[in-house]
Amino acid sequence: MSSDFEGYEQDFAVLTAEITNKIARVPRLPPDEKKQMVANVEKQLEEAKELLEQMDLEVREIPPQSRGMYSNRMRSYKQEMGKLETDFKRSRIAYSDEVRNELLGDDGNSSENQRAHLLDNTERLERSSRRLEAGYQIAVETEQIGQEMLENLSHDREKIQRARERLRETDANLGKSSRVLTGMLRSIHTQTLSAVPEA
């Protein structure tokens, strides 16, 4: 069990050393290489997290009396992982700032260009906001129409149910009337037969 853990430890040490080296190189790389390096570091950080998870599983399988030392090492590795992620975030923020400056044409004398870009972005945001408000209004109106349709359908359903009840009552009354008429016809027929004189 401990040999598996130590194997994961070695892989983790090699991987985190590579990540540390790459994070330090990010700010000094050309834009295209920076983008590729950032993607590479993201992938390796995921691999490092998976290694930590495997190591954590191994520690849980170790008997409690021998687990303390490995638990302490795991805490140290998790702290190292947290530091790597923090360093990477800082490196990415610096990279993002640099990309933004390149997009805005920030060469030290481009405040007018930046202002134009900001105004353009502001106008785009305002247009997007207006579209969102219009979309929201349409959604509200559609909901109201749907609610009215549901209410109308509910009223129509009640009318149909009442009509069915009346039909059932009418059918029952017709059945009673039919039975009464049949009885009356039989009675008349019987009386007619009894009134005919025998030959």
Side-chain angles (χ1 to χ4, degrees), residues 1 4 8 35-36 38-64 67 71 74-75 77-79 81-82 84-86 88-89 92-93 95-97 99-100 103-104 115-199:
M1 183 71 67
D4 291 336
Y8 290 133
K35 186 176 181 181
Q36 185 176 356
V38 165
N40 194 295
V41 172
E42 286 176 339
K43 183 178 178 182
Q44 287 190 316
L45 282 171
E46 287 301 319
E47 291 176 8
K49 287 179 184 177
E50 290 174 6
L51 279 173
L52 278 180
E53 290 174 2
Q54 291 295 328
M55 291 160 69
D56 210 12
L57 290 173
E58 291 294 328
V59 170
R60 291 178 187 178
E61 295 297 323
I62 295 173
R67 195 179 298 167
S71 297
M74 280 302 301
R75 278 194 293 271
Y77 295 140
K78 287 177 181 178
Q79 288 174 358
M81 188 71 198
L84 279 176
E85 289 179 325
T86 301
F88 182 53
K89 283 179 183 177
R92 287 194 65 180
I93 289 169
Y95 167 62
S96 299
D97 288 342
V99 169
R100 186 179 67 241
L103 290 172
L104 292 173
R115 186 180 304 170
H117 280 292
L118 289 172
L119 287 172
D120 185 47
N121 289 336
T122 302
E123 289 175 3
R124 288 179 184 175
L125 285 172
E126 288 175 354
R127 286 197 297 271
S128 298
S129 297
R130 286 195 292 270
R131 284 197 294 270
L132 285 172
E133 288 174 4
Y136 176 74
Q137 188 62 36
I138 290 170
V140 170
E141 291 173 359
T142 304
E143 184 180 0
Q144 289 173 349
I145 292 170
Q147 187 65 32
E148 290 173 3
M149 288 178 65
L150 286 174
E151 290 175 359
N152 291 336
L153 287 171
S154 178
H155 291 319
D156 291 343
R157 182 181 176 186
E158 291 174 3
K159 289 178 182 177
I160 291 169
Q161 287 177 341
R162 286 197 295 270
R164 284 180 178 171
E165 289 297 327
R166 285 196 294 271
L167 282 172
R168 289 195 192 98
E169 292 174 2
T170 302
D171 188 52
N173 290 333
L174 285 172
K176 290 178 183 177
S177 300
S178 177
R179 288 192 295 274
V180 170
L181 286 172
T182 302
M184 290 174 65
L185 287 171
R186 285 179 183 168
S187 176
I188 292 170
H189 183 67
T190 303
Q191 290 176 5
T192 302
L193 287 176
S194 61
V196 174
E198 294 181 2

Gap between atom [atom2] of [Y] and atom [atom1] of [X] - 0.5 Å precision:
X      : Y      : atom1 : atom2 : result
Leu84  : Gln44  : CG    : CD    : 10.5 Å
Leu52  : Glu50  : CG    : CD    : 10.5 Å
Tyr8   : Met55  : OH    : CE    : 10.0 Å
Arg166 : Asn173 : CZ    : CG    : 13.5 Å
Leu153 : Ile160 : CG    : CD1   : 9.0 Å

With a 4.0 Å cut-off, would you call Glu85 and Lys49 a salt bridge? yes
Can you tell whether the side chains of Lys43 and Glu46 come within less than 4.0 Å, N to carboxylate O?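 The answer is no: the pair does not qualify as a salt bridge.
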Ignoring hydrogens, what is the shortest heavy-atom contact between [X] and [Y]? Give both atom names and the distance.
X     : Y     : result
Arg67 : Ile62 : NH2-O, 2.9 Å
Met74 : Val59 : CG-CG2, 3.7 Å
Phe88 : Val38 : CZ-O, 3.6 Å

Do side-chain atoms of Asn40 reach the backbone of Gln36 as a donor and acceptor pair under 3.5 angstrom?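 Not a single qualifying donor-acceptor pair exists.
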I'd like to know if the side chain of Thr86 and the backbone of Gly82 have a donor-acceptor N/O pair within less than 3.5 Å. yes
Side chain to side chain contact (heavy atoms under 4.5 Å, CB included) assessment of Leu45 paired with Met81: CA-CA 8 Å; Leu45 282 171; Met81 188 71 198; 3.7 Å; yes
Does any part of the side chain of Asp56, heavy atoms only, come nearer than 4.5 Å to the side chain of Lys78, both counted from C-beta? yes
